[in-house]
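Structure first, commentary second.
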Amino acid sequence: GAWVAARLDELDAWTGDDRLPAYDEQADALVASLAALDDLVVVTDEVGLGGIGAEASARLFADLLGDLNQRVAAVCDQLHLVVAGRVLRL
């Protein structure tokens, strides 16, 4: 979540409803970089398991993070969901 929040801050995009081309380019570069690495552990927040705020910025953040999580997962060999110390291999 921190990466998405930093990009939204950098692009001053918290109030926008549309995905910015600059954000998409940076997300593409991040996913490509991760795909090129051999051994890496990525830890991210899960969106959608809790409430999502009513504000447009909260929905934008949740949408972008959810999309990025899916894109990163697509280039990973293994996925694990950890909740309350319990590990579930996906």
Side-chain angles (χ1 to χ4, degrees):
W3 187 91
V4 172
R7 298 299 76 74
L8 290 173
D9 283 344
E10 175 186 304
L11 299 168
D12 194 26
W14 284 101
T15 58
D17 290 330
D18 296 326
R19 293 182 189 208
L20 300 173
Y23 172 86
D24 288 332
E25 290 173 11
Q26 292 179 14
D28 291 344
L30 175 64
V31 173
S33 295
L34 294 175
L37 298 172
D38 290 327
D39 294 315
L40 180 70
V41 174
V42 178
V43 178
T44 183
D45 301 319
E46 176 59 43
V47 294
L49 292 179
I52 296 175
E55 299 84 13
S57 59
R59 291 189 307 276
L60 176 65
F61 175 79
D63 288 346
L64 292 175
L65 181 55
D67 178 69
L68 184 61
N69 284 348
Q70 290 178 33
R71 294 175 63 193
V72 169
V75 299
C76 291
D77 294 328
Q78 296 182 39
L79 300 172
H80 297 84
L81 175 65
V82 181
V83 177
R86 303 294 303 234
V87 179
L88 175 65
R89 186 169 181 175
L90 304 176

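- Through side-chain heavy atoms spaced under 4.5 Å, either directly or across other Ile, Leu, Val, Met, Phe, Trp or Tyr residues, L81 is tied to L79, V83, L88, L90.
- Within the 4.5 Å cutoff, no side-chain heavy atoms of D67 are placed close to those of D63.
- Between R89 and Q78, the shortest heavy-atom contact is NH2-CG, 3.3 Å.
- A distance of 10.5 Å separates CZ of R7 from CG of L68, quoted to the nearest 0.5 Å.
- Ring to ring, W3 and Y23 are close: their centroids are under 6.0 angstrom apart.
- Clustering of Ile, Leu, Val, Met, Phe, Trp and Tyr by side-chain heavy atoms under 4.5 Å joins V82 with V87.
- Here the closest non-hydrogen pair linking Q26 and L11 is NE2-CD2, 4.5 Å.
- The local environment of CG in D9 is crowded, with over 12 non-hydrogen atoms from other residues, nucleotides or ligands closer than 6.0 Å.
- Counting all heavy atoms, side chain and backbone alike, W14 lies closest to S57 at O-CB, 3.2 Å.
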Side-chain polar contacts of residues 34-56 - donor-acceptor pairs under 3.5 angstrom, sequence neighbours left out - could you list them?
| from | atom 1 | to | atom 2 | distance (Å) |
| --- | --- | --- | --- | --- |
| T44 | OG1 | N69 | OD1 | 2.9 |

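- Note that CG of D24 is 8.0 Å distant from CG of L64, once rounded to the nearest 0.5 Å.
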